[in-house]
Amino acid sequence: GKENKILFFRFSKSIESFISPPTYIINSPFPPQMDFDEIGEEGASLYETLTLEQKNACDDSLAALDDPFLPRLFYLDGCGGSGKTYLYNVIWKILMGRRIKMSCSAWTGIASTLLPDGRTIASIYKIGINKDCRASLLKLNNKEAAALRETSVFVENEASMISRETSGDNGSSIERCDGE
């Protein structure tokens, strides 16, 4: 912070004289030009590998996108290793093939890395982690709020780990971003 800059100034040094800046480049997990058709074909191919229960869950989820009168909130439950994350990945590829935006997030960073383009819930909804995750810092007129408004499907992995206080803030943030 400011105190460190003053200290470095007194010694006529900068942070770079103590620590070299990183030289590695972090690449995006997706190329700038995504081939939506190829991703959709891969999703269709992976759909054939799903179990009957996974296919039913996938079909119900996809049908809800086409019919606004169907229930649109799903809770996917299963033991560890039962294929929940695999199903999320298949649905994501199918939706990307249809050019439908889907946001995947999880309460923990480790779980979010298993999801396609996954992020933590705090990152997506700008939940203030210094305020016991009770308030969203999301501004309604910024690009993150616009991205949420443009998203059709939200996957919240490990929903049982989300506290009641936080899930209330998530819902409020989503509603506010939608203008309601």
#### Entry: Over all atoms of both residues, closest heavy-atom pair of E156 and Y125
OE2-OH, 2.5 Å
### Step-by-step side chain to side chain contact (heavy atoms under 4.5 Å, CB included) determination, E41 to K93
CA-CA 8 Å; E41 289 171 12; K93 287 177 187 277; over 6 Å; no
### Task
State the CZ-CD1 distance between R98 and I39, to the nearest 0.5 angstrom.
14.5 Å
### Task
Starting at CG of L76, measure out to CD of Q54 and round the result to the nearest 0.5 Å.
8.5 Å
#### Entry: Nearest-0.5 Å distance, NZ of residue K143 to CD of residue E150
12.5 Å
### Query
Do the side chains of I121 and F154 get nearer than 4.5 Å, heavy atoms only?
no
### Query
To the nearest 0.5 Å, what is the distance between CG (L73) and OG (S61)?
10.5 Å
### Check: G78 main-chain N/O paired with K84 side-chain donor or acceptor under 3.5 Å
yes
### Message
Could you tell me if the side chain of D37 sits less than 4.5 Å from the side chain of R99, heavy atoms only?
### Response
yes
### Summary
When rounded to the nearest 0.5 Å, the distance separating OG of S105 from CZ of R119 is 8.5 Å
#### Entry: Over all atoms of both residues, closest heavy-atom pair of V90 and G43
CG1-O, 3.9 Å
### Query
Hey, are R72 and D67 close enough for a salt bridge, meaning a charged N less than 4.0 Å from a carboxylate O?
no
### Query
Does M34 belong to the same Ile/Leu/Val/Met/Phe/Trp/Tyr cluster as L115, with side-chain heavy atoms less than 4.5 Å apart forming each link?
yes
### Message
How long is the straight-line distance from CG of L95 back to CG of L62, given to the nearest 0.5 Å?
### Response
6.0 Å
### Task
Before giving the answer on side chain to side chain contact (heavy atoms under 4.5 Å, CB included), spell out for C104 and N157 the whole-Å C-alpha distance, their side-chain angles and the decisive distance to 0.1 Å.
CA-CA 7 Å; C104 297; N157 196 11; over 6 Å; no
#### Entry: A106 to S112 - nearest heavy-atom pair and separation
CB-N, 3.6 Å
### Task
Take I124 and L148 through the test side chain to side chain contact (heavy atoms under 4.5 Å, CB included) and record every step on the way to the result.
CA-CA 8 Å; I124 294 225; L148 287 174; 3.8 Å; yes
### Message
Please find the pair of heavy atoms, one from S152 and one from I100, that lie closest to each other, and give the distance.
### Response
CB-CG2, 3.7 Å
### Query
If you group Ile, Leu, Val, Met, Phe, Trp and Tyr by side-chain heavy-atom gaps below 4.5 Å, do V155 and L46 land in one group?
yes
### Heavy-atom check, side chain of I91 versus side chain of V153, under 4.5 Å
no
### Query
Do other residues, nucleotides or ligands put more than 12 heavy atoms under 6.0 Å from the CD1 atom of I110?
no
### Message
With no hydrogens and no angle check, just 3.5 Å: does a side-chain donor-acceptor pair link Y86 and T49?
### Response
yes
### Query
Which atoms form the tightest heavy-atom contact between A64 and P71, and what is the distance?
CB-O, 3.4 Å
### Message
With a 4.5 Å cut-off on side-chain heavy-atom distances among I, L, V, M, F, W and Y, is there a chain of contacts connecting I94 to L114?
### Response
no
